[in-house]
Amino acid sequence: MARFETIDALPADSCVLVRLDLNSPIEDGEPQDNERFARHAETVRELVAAGHRVVCLAHQGRPGNDDFTTLSGHARILAEHVGREVAFVPDTYGPEAIEAIEDVEPGEVLLLENVRMCEGELPEEDPETKADTEFVRTLAPRFDAYVCDAYSAAHRSHASLVGFPLALPAYAGRVMETEYEANTAIATREFDGRVTMVVGGTKATDVIDVMDALGDRVDRFLLGGVAGELFLRAAGHPVGYDLEGMDRFDDQWERNHGTIESLLEEYGDRITLAVDLAYEDAEGDRGEVAVESIAEKETAYLDVGTETVMAYEPVIADSEAVFLKGALGVFEDERFAVGTVGVLEAMAETDCFSVVGGGDTARAIRLYDLDEDDFSHVSIAGGAYIRALTGEPLAAVEALERGRPREE
Ligand SMILES: Nc1ncnc2c1ncn2[C@@H]1O[C@H](COP(=O)(O)OP(=O)(O)O)[C@@H](O)[C@H]1O
Ligand SMILES: O=C(OP(=O)(O)O)[C@H](O)COP(=O)(O)O
């Protein structure tokens with residue numbers, strides 16, 4: 001159990017500073033609606049219903065990147081999810097922001113400007129340094145309490161995540177609370193039966209980190225995605241072909257093949273690789289090929305094949321706990337969603353403890369009309385999910401524990 005306090009303990013009629021993670025894909029300059037808004041809206045709604053004054057802080061992108069932009073569009077989307085007005089002020093701790101904060105009435109919501117536009121938020125530093133920034137010293141006295149709901153950014157030691165908990169009584173919001181409980185389970189909980197990890201996605205290092213940290217606690221790793229193809233290559237199969245203009249495989253192979261080969265050797269009896277793969281044939285349809293019959297590296301494979309899904313299903317059905325990290329194929333294209341959807345359906349059908357996470361993977365659940373309630377937990381976190389799975393501490397969670405309000 002976490003050693004932080006939750007919003008259940010928030011004193012009545014508080015003026016609260018709430019850190020959300022609304023970091024979203026940006027298209028044509030506009031944030032795209034996604035699960036993060038829906039989840040955080042639940043925390044905001046609850047705070048509003050309790051009559052608190054709610055001021056939200058969040059980030060978008062990083063300075064220098066294309067997706068670094070204002071949060072005015074985020075306020076509109078958040079308002080739709082909360083079901084009430086969310087005011088926006090294009091300032092974080094200057095006079096305009098302070099005035100807007102002072103105007104917030106009980107039950108009202110205000111979103112401040114992208115916190116990464118404000119000096120002091122970046123870079124990552126220790127909590128004491130962050131608590132001593134002008135940003136935190138200016139804003140904290142305006143509030144009664146700080147609520148951290150930004151689990152998916154909790155691995156960052158930034159001022160809005162680790163500074164405020166030292167300056168104000170700190171509480172976890174509902175997203176923080178539920179993500180923490182579910183994602184920490186594999187690192188801390190003992191399961192009676194088989195623990196299975198389905199690992200895919202695009203980043204070999206995520207898979208390597210998970211295997212390094214959990215190799216002894218996981219009974220079976222089922223592989224797919226780009227990472228799975230890199231393991232197939234280590235097993236001697238000529239797969240992992242980069243389409244022109246793409247650099248998904250060769251670069252990662254160069255940097256990681258030594259580690260992948262030794263993981264395969266060390267945990268080989270626990271690792272199950274795809275037996276067939278899918279590709280786009282000359283007519284633009286889905287074609288499938290047995291891995292054993294691939295003789296040359298000349299085709300880009302975009303999904304695991306049907307035989308592979310059939311081999312993975314009974315392993316999942318027979319597990320006590322299943323954790324999914326990353327997609328098994330390019331599920332955004334329906335032709336190559338068979339692996340990801342097949343595994344998700346197998347997880348949904350069992351009564352086991354099931355957690356889905358990793359960047360974009362949660363999106364597949366909505367895209368293919370699966371029911372989120374059929375899973376124990378669907379994480380909206382990427383990097384923080386991986387760190388939690390591997391037992392690495394999260395800076396913002398540690399800060400929440402330190403900032404827990406004490407009995408007088
Ligand atoms: N064989 C593949 N080739 C190219 N992309 C793939 C392949 N398999 C999975 N992907 C991509 O991986 C992405 C899923 O990654 P995600 O679940 O966010 O994990 P990660 O954080 O590792 O990228 C999807 O967008 C999907 O299109
Ligand atoms: O989207 C996020 O992380 P994720 O891409 O690992 O899910 C968080 O908002 C952290 O953002 P950052 O990786 O720019 O610090």
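Both ligands and their constituent atoms are indexed starting at 1 by order of listing. Keep in mind that this is a model prediction, so the values were computed, not measured.
- Rounding to the nearest 0.5 Å places OG1 of Thr390 at 9.5 Å from CG of Asp206.
- Under a 4.0 Å N-O distance rule, the pair Asp250/Arg233 qualifies as a salt bridge.
- Between Arg174 and Glu177, at least one side-chain nitrogen of the basic residue sits less than 4.0 Å from a carboxylate oxygen of the acidic one, meeting the salt-bridge criterion.
- Residues Thr308 and Asp276 bring a donor and an acceptor atom of their side chains to less than 3.5 Å of each other.
- With Arg39 contributing its side chain and Glu35 its backbone, the two residues share no donor-acceptor pair below 3.5 Å.
- Residue Gly382 has at least one heavy-atom neighbour below 4.0 Å for each of these atoms of ligand 2: 6 (O), 7 (O).
- Remark: ligand 1 and Asp303 share no N or O pair separated by less than 3.5 Å (distance only, no angle test).
- Between the Asp219 side chain and the Val195 main chain, a donor and an acceptor come within less than 3.5 Å of each other.
- Near Gly326, with a cut-off below 4.0 Å to any heavy atom, the atoms of ligand 1 are 17 (O), 19 (O).
- For atom 1 (N) of ligand 1, the candidate residues are Phe331, Tyr301, Phe336; the nearest heavy-atom contact is made by Tyr301.
- Within the listing of ligand 2, atoms 11 (O), 12 (P), 14 (O), 15 (O) sit less than 4.0 angstrom from a heavy atom of Arg116.
- Near Glu229, with a cut-off below 4.0 Å to any heavy atom, the atoms of ligand 1 are 1 (N).
- The shell of residues lying under 4.0 angstrom from ligand 2, judged by heavy atoms, excludes Glu124.
- The distance from ligand 1 to the heavy atoms of Lys203 drops below 4.0 Å at these ligand atoms: 20 (P), 21 (O), 22 (O), 23 (O).
- For the pair Arg404 (side chain) and Glu5 (backbone), a donor-acceptor distance under 3.5 Å is absent.
- Results of the side-chain contact (heavy atoms from CB on, under 4.5 Å) test with His59 over Met117, Arg156, Arg116, His158 single out Arg116 as the only residue that passes.
- Scored by the ring pair (Phe, Tyr, Trp, His ring centres under 6.0 Å) test, Tyr93 finds Phe135 as partners (sequence neighbours excluded).
- Shown here are the ring pair (Phe, Tyr, Trp, His ring centres under 6.0 Å) partners of Phe231, two or more places apart in sequence or in another chain: there are none.
- With atom 23 (O) of ligand 1 as the reference point, the heavy atom nearest to it among Val199, Thr202, Val226 is part of Thr202.
- Taking any N or O of Ile380, backbone or side chain, none lies under 3.5 Å from an N or O belonging to ligand 2.
- By the criterion of a heavy-atom distance under 4.0 Å, neither the backbone nor the side chain of His158 is placed next to ligand 2.
- Just one of Asn114, Thr69, Asn23, Asp21 meets the side chain to side chain donor-acceptor pair (under 3.5 Å) condition when paired with Gln60; it is Asn23.
- At least one heavy atom of Gly329 sits less than 4.0 Å from an atom of ligand 1.
- Polar contact check, His59 against ligand 2: a nitrogen or oxygen pair lies under 3.5 Å apart.
- Taking every non-hydrogen atom of Arg156 and a distance limit under 4.0 Å, the qualifying atoms of ligand 2 come out as 12 (P), 13 (O), 15 (O).
- For ligand 2, the atoms closer than 4.0 angstrom to any heavy atom of Asn23 are 1 (O), 2 (C), 8 (C), 9 (O), 11 (O).
- Heavy-atom distances between Arg387 and ligand 2 stay at or above 4.0 Å for every pair.
- Close placement of the Tyr180 and Phe4 rings is indicated, their centers lying within 6.0 Å of each other.
- Residue contact check for ligand 1: Lys325 places a non-hydrogen atom closer than 4.0 Å to it.
- Annotation for ligand 1: atoms under 4.0 Å from non-hydrogen atoms of Thr361 are 16 (P), 17 (O).
- For the pair Gly61 and ligand 2, the shortest N or O to N or O distance does not fall below 3.5 Å.
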